[in-house]
Amino acid sequence: VVRYAAPEVSPHKQTSTIYASGRIRDIALELCSRGALQELAANIVFHALIALDCKSPREAARREQQFRSDLFTTCSNLFEVHHVHEGAECIFAVLNPNTLMEISPTLRQNRQKRLKELVTETIEDWVVLNSNAFSKLDAMRLLEVLGPATFIKLRSRFQLRVSALSGEGIEVLFYHLVHEVHNIYSTMQIAFALPVSSLSDSLGGSSWTLRK
């Protein structure tokens with residue numbers, strides 16, 4: 001067990017416990033149950049970089065497969081067919097750019113990209129094979145953990161259902177798309193993913209309609 005303090009980016013340091021000799025699947029249930037987003041994300045980053053930073057091609061491939069297997073099993077443990085464990089959505093926190101910046105602000109863009117793709121690919125593989133179990137997650141909690149930008153980006157890859165969000169969640173997505181990034185195309189994609197019978201119907205219980 002290692003105590004890791006991220007370089008200071010504010011008056012307070014973000015400190016996490018790294019379980020260097022353990023596996024993600026051995027700590028994820030506990031960390032998720034207490035909502036330890038940053039600590040879980042920090043451990044995922046630590047174990048992913050062990051593979052990504054390896055200089056030997058053969059050893060790097062072995063470590064990457066080991067990481068993928070560990071994360072895949074973690075998802076299976078968190079999202080069981082008949083039961084989603086408390087806080088299971090925390091496993092996605094590492095894909096939120098703000099969370100990643102908090103725990104590892106000096107991580108270079110290229111390494112960030114490789115790390116996020118490794119995690120995304122592994123979870124995506126799990127979702128394809130376990131769509132029924134994955135569909136039982138709390139969509140609103142997932143939106144909170146990922147943030148609207150990443151939720152929208154991963155919507156198709158993770159088969160995320162916008163219709164599973166509450167009206168408040170729909171408001172968050174539309175506000176982000178319309179007022180923060182001004183993305184009309186994605187706005188229309190989200191709008192047409194929600195069931196309506198007329199142009200004046202509320203979109204997903206939000207204040208938005210197809211007229212607005």
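Note that the structure is predicted; figures quoted are calculated from it, not measured.
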Once side-chain hydrogen bond (donor to acceptor under 3.5 Å, both in side chains) is applied, do any residues pair with His85, and if so which ones, sequence neighbours excluded?
Glu80
Exercise: identify the closest heavy-atom pair between Cys90 and Leu37:
SG-CD2, 3.4 Å
Quick one: side-chain hydrogen bond (donor to acceptor under 3.5 Å, both in side chains) partners of Ser76, sequence neighbours excluded?
Trp126
Taking all non-hydrogen atoms of both residues, which atom of Asn96 and which atom of Leu146 are closest, and how far apart?
ND2-O, 3.0 Å
Side chains of Ile123 and Phe158, heavy atoms from C-beta outward: is any pair under 4.5 Å?
yes
Using a strict threshold of under 4.0 Å (side-chain N to carboxylate O), is an ion pair present between Glu117 and Arg114?
no
Without hydrogens or angle criteria, can the side chains of Ser198 and Asp201 be said to hold a donor-acceptor pair below 3.5 Å?
yes
Apply ring-ring contact (aromatic ring centres under 6.0 Å, His included) to Phe174 and list each qualifying residue two or more places apart in sequence or on a separate chain.
Trp208
Any ion pair linking Arg155 and Glu124 (charged N to carboxylate O, less than 4.0 Å)?
no
Check Leu40 against Cys32 and note the closest heavy-atom contact, atom names and distance.
CD2-SG, 3.6 Å
Listed by chain and number, what are the side-chain hydrogen bond (donor to acceptor under 3.5 Å, both in side chains) partners of Lys153, not counting sequence neighbours?
none
Regarding Gln189 and Tyr185, is there a side-chain donor-to-acceptor distance under 3.5 Å anywhere?
yes
So, Glu59 and Arg63, do they make that salt bridge, N to O below 4.0 Å?
yes
Are any of the side-chain heavy atoms of Val94 and Leu115 separated by less than 4.5 Å?
yes
Flag side-chain contact, heavy atom, 4.5 Å: Glu39 against Ile18:
no
Heavy atoms, side chains only, cut-off 4.5 Å: are Asp26 and Thr74 in contact?
no
List the atom of Arg34, the atom of Leu31, and the distance in Å for their closest heavy-atom pair.
NH2-CD2, 3.1 Å
By ring-ring contact (aromatic ring centres under 6.0 Å, His included), which residues pair with Phe46, not counting sequence neighbours?
none
Partners passing side chain to side chain contact (heavy atoms under 4.5 Å, CB included) against Asn77 (at least two apart in sequence or in another chain)
Arg25, Thr73
Do Leu118 and Arg68 have side chains that approach each other closer than 4.5 Å (heavy atoms only, starting at C-beta)?
yes
